[in-house]
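These notes are about the structure you will find just below.
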Amino acid sequence: MDILSETAVSLTGSHTVREYLKSGLAAAEFLSHNPSLVTSAHISVKFGAAPVIAAERILARCERCDVSVIPFSSDGYPALLREILDPPIVLYCKGTIPSSPAVSIVGTRRSDRVSDRIAYRAAEELARAGLCVVSGMAIGIDRSAHLGAIDAGDTVAVLPHGIDLRSPVSNIDLYSRIDEIIGRGGHCAVISEFPPGIRCYTWTFVRRNRIISGMSRATLVVKAPLRSGAMITARLAADQGRE
């Protein structure tokens with residue numbers, strides 16, 4: 001397993017990542033066959049255009065931030081996520097991704113007391129039954145799902161930005177509670193496919209959503225407008241052959 005090379009490939013954009021997966025080559029060999037590869041624009045601004053040099057800088061930063069890097073070839077990589085059409089080659093992780101089966105719960109940021117309660121209770125009961133609850137760390141339904149899960153079991157928060165950034169600010173208390181569980185050795189995690197320091201854009205939320213559904217055997221939408229990120233996640237789940 002070559003974490004440096006796999007991290008370097010992950011920085012070159014989704015089209016190149018798909019070519020890498022189809023090639024069957026080891027990451028280092030793929031890079032040597034494609035010497036003209038450069039990092040994606042949002043990566044090059046922070047870490048430079050040369051993939052290997054950018055990867056070295058990112059891995060050094062992860063070590064300083066106590067962030068683990070889980071490459072596609074690792075046994076710790078979520079098995080179901082490997083099966084989707086466009087899996088991330090590298091996951092940045094704080095904590096431990098539970099090995100138990102996962103169910104995702106998503107919904108509107110503009111939730112109400114009733115929908116929040118439904119999301120909380122659903123997550124609580126799923127977690128108590130031994131399932132890991134996955135959501136996107138947004139306000140509204142996501143927040144309620146994470147809270148219900150950590151009150152009864154395990155959760156994984158998938159971020160649309162760098163693993164070291166804490167957004168939205170209104171969820172700082174939730175981040176802290178997950179940190180406490182991780183500190184006690186509990187099986188919870190915050191993960192992202194985006195390296196430290198990378199801020200979110202509109203397109204990163206959609207990229208994040210395919211990981212939420214891709215990790216999960218099923219996706220539950222509690223409440224959401226028809227044109228929303230939650231419904232995109234539901235569509236992705238259907239495309240991925242999930243419930």
Kindly determine whether I181 and R184 satisfy side chain to side chain contact (heavy atoms under 4.5 Å, CB included), including the steps that lead there. CA-CA 5 Å; I181 294 169; R184 297 197 303 266; 3.6 Å; yes
Is the side chain of [X] donor-acceptor paired with the backbone N or O of [Y] at a distance under 3.5 Å, no angle test?
| X | Y | value |
| --- | --- | --- |
| R57 | F47 | yes |
| D142 | G136 | yes |
| S100 | L131 | no |
| H161 | F194 | no |
| T108 | I141 | no |
| Q240 | G214 | yes |
| D2 | A26 | no |
| N171 | A138 | yes |

Do [X] and [Y] touch side chain to side chain, with heavy atoms closer than 4.5 Å?
| X | Y | value |
| --- | --- | --- |
| P160 | W203 | no |
| Y120 | D151 | yes |
| M231 | R235 | no |
| D112 | S115 | yes |
| T7 | V69 | yes |
| F30 | L37 | yes |
| L80 | P101 | no |

Does the side chain of [X] come under 3.5 Å of the side chain of [Y] through a donor N or O and an acceptor N or O?
| X | Y | value |
| --- | --- | --- |
| T155 | H146 | yes |
| D116 | S111 | yes |
| D179 | S176 | no |
| T219 | E243 | no |

Work out which heavy atom in [X] is nearest to a heavy atom in [Y]; give both atom names and the distance.
| X | Y | value |
| --- | --- | --- |
| V221 | A230 | CG2-O, 4.1 Å |
| R82 | S73 | NH2-C, 3.9 Å |
| P196 | R61 | CB-NE, 3.6 Å |
| V52 | L4 | O-CD1, 3.9 Å |
| I84 | R210 | CD1-O, 4.0 Å |
| V17 | V9 | CG2-O, 3.8 Å |

Are there over 12 heavy-atom neighbours, none belonging to [X], within less than 6.0 Å of that residue's [atom1]?
| X | atom1 | value |
| --- | --- | --- |
| L85 | CG | no |
| H15 | NE2 | no |
| D173 | CG | yes |
| R217 | CZ | no |
| E29 | CD | yes |
| H187 | NE2 | no |
| R110 | CZ | no |
| R109 | CZ | no |

Do [X] and [Y] share a hydrophobic cluster, counting only Ile, Leu, Val, Met, Phe, Trp and Tyr and linking them when any side-chain heavy atoms are less than 4.5 Å apart?
| X | Y | value |
| --- | --- | --- |
| V133 | I178 | no |
| I105 | I212 | no |
| V103 | I211 | no |
| L159 | I43 | yes |
| I191 | Y175 | yes |

[X] [atom1] to [Y] [atom2] distance, which is reported to the nearest 0.5 Å:
| X | Y | atom1 | atom2 | value |
| --- | --- | --- | --- | --- |
| D86 | E193 | CG | CD | 8.0 Å |
| I163 | S68 | CD1 | OG | 8.0 Å |
| I70 | E6 | CD1 | CD | 12.0 Å |
| S213 | R242 | OG | CZ | 7.5 Å |
| C132 | I97 | SG | CD1 | 9.0 Å |
| I53 | L11 | CD1 | CG | 12.0 Å |

From D164, I58, I198, residue fulfilling side chain to side chain contact (heavy atoms under 4.5 Å, CB included) relative to Y92: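 By the side chain to side chain contact (heavy atoms under 4.5 Å, CB included) criterion, Y92 pairs with just one of D164, I58, I198: I58.
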Side chain to side chain contact (heavy atoms under 4.5 Å, CB included) between R117 and R113, worked out: CA-CA 6 Å; R117 185 62 179 165; R113 188 162 54 185; 5.7 Å; no
Checking H33 against L25 for the side chain to side chain contact (heavy atoms under 4.5 Å, CB included) test, could you report, in this order, the C-alpha distance in whole Å, the side-chain angles of both residues, the deciding distance, and whether it holds? CA-CA 10 Å; H33 288 184; L25 298 172; 3.5 Å; yes
Might you work through the side chain to side chain contact (heavy atoms under 4.5 Å, CB included) test for F72 and L91, ending with a clear yes or no? CA-CA 8 Å; F72 188 81; L91 291 173; over 6 Å; no
